[in-house]
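Below is one structure, written out as structure tokens; the observations come after it.
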Amino acid sequence: MIDMRDVGVRVLAGDLAGEELPMVAAQALAEGLDSPSLRELAGLSRGDYREARELLGPVLDELGLPELPSDDQAVWEASDPTGRAPTSVG
């Protein structure tokens with residue numbers, strides 16, 4: 001099943017284009033996820049990528065998922081499945 005938080009992290013990290021969000025949302029709906037904002041996101045066109053990105057927060061909230069991280073933290077989460085930033089040595 002699609003993890004919409006992971007999708008949001010990948011968008012923030014630059015691993016997934018915002019233009020892809022409506023299609024991913026439609027697939028999530030087809031897989032059984034549902035919320036008003038997810039339906040709205042699925043109905044957007046590829047050209048509505050700014051609006052699509054703005055809907056990520058409400059989608060996560062409505063699905064009961066944790067908030068998106070900062071852009072920097074998203075890069076770490078996308079590159080490390082544990083989501084941990086490297087620790088300083090010394």
Side-chain angles (χ1 to χ4, degrees):
M1 180 166 288
I2 291 178
D3 179 340
M4 289 304 296
R5 185 177 186 281
D6 181 58
V7 168
V9 167
R10 291 178 52 216
V11 169
L12 291 178
D15 292 341
L16 180 69
E19 292 88 350
E20 300 299 321
L21 286 171
M23 185 58 70
V24 172
Q27 184 176 352
L29 287 169
E31 290 181 6
L33 291 178
D34 192 23
S35 82
S37 293
L38 186 63
R39 283 183 250 133
E40 184 178 350
L41 179 55
L44 295 177
S45 70
R46 289 177 53 92
D48 295 325
Y49 61 91
R50 286 190 182 105
E51 187 176 348
R53 285 187 63 153
E54 290 173 4
L55 282 169
L56 282 173
V59 165
L60 297 181
D61 185 51
E62 292 167 6
L63 294 175
L65 299 171
E67 293 180 359
L68 288 172
S70 67
D71 289 353
D72 290 338
Q73 183 63 32
V75 171
W76 287 114
E77 285 188 35
S79 64
D80 178 4
T82 66
R84 295 182 304 223
T87 55
S88 299
V89 177

Q: Check whether any side-chain heavy atom of Glu20 lies under 4.5 Å from a side-chain heavy atom of Arg10, and answer yes or no.
A: no

Q | Leu44 and Leu55, any side-chain heavy atoms less than 4.5 Å apart | A | yes

Q: Indicate yes or no: at least one non-hydrogen side-chain atom of Met4 is less than 4.5 angstrom from one of Val24.
A: yes

**Q.** Nearest heavy atoms of Pro22 and Ser45, plus distance in Å
**A.** CG-O, 3.8 Å

Q. Between OG of Ser37 and CD of Glu54, what distance do you get to the nearest 0.5 Å?
A. 11.5 Å

Q) What's the shortest heavy-atom distance between Asp15 and Ala78, and which atoms? A) OD2-CB, 3.4 Å

(Q) Test of understanding: clusters of I, L, V, M, F, W, Y form through side-chain heavy atoms closer than 4.5 Å, transitively. Do Val75 and Val7 belong to the same one? (A) no

Q. Applying the 4.5 Å side-chain criterion to the ILVMFWY set and letting contacts propagate, would Leu16 and Leu12 be lumped into a single cluster?
A. yes

Q: Look at the side chain of Asp3 and the backbone N and O of Asp6, then say whether any donor-acceptor pair between them is shorter than 3.5 Å.
A: yes

Q. Is Leu65 reachable from Leu68 through a run of hydrophobic residues whose side-chain heavy atoms are each under 4.5 Å from the next?
A. yes

Would you mind writing out the side-chain donor-acceptor pairs for residues 28-36 within the sub-3.5 Å range, not counting sequence neighbours?
residue	atom	partner	partner atom	Å
Glu31	OE1	Ile2	N	2.9
Glu31	OE2	Gln27	NE2	3.3
Asp34	OD1	Arg39	NE	2.7
Ser35	OG	Leu38	N	3.1
Ser35	OG	Glu62	OE1	2.9

Q: Taking the side chain as every heavy atom from C-beta outward, state whether Leu21 and Arg53 have any atom pair closer than 4.5 Å.
A: yes

**Q.** Minimum side-chain heavy-atom gap Arg5-Pro69 below 4.5 Å
**A.** yes

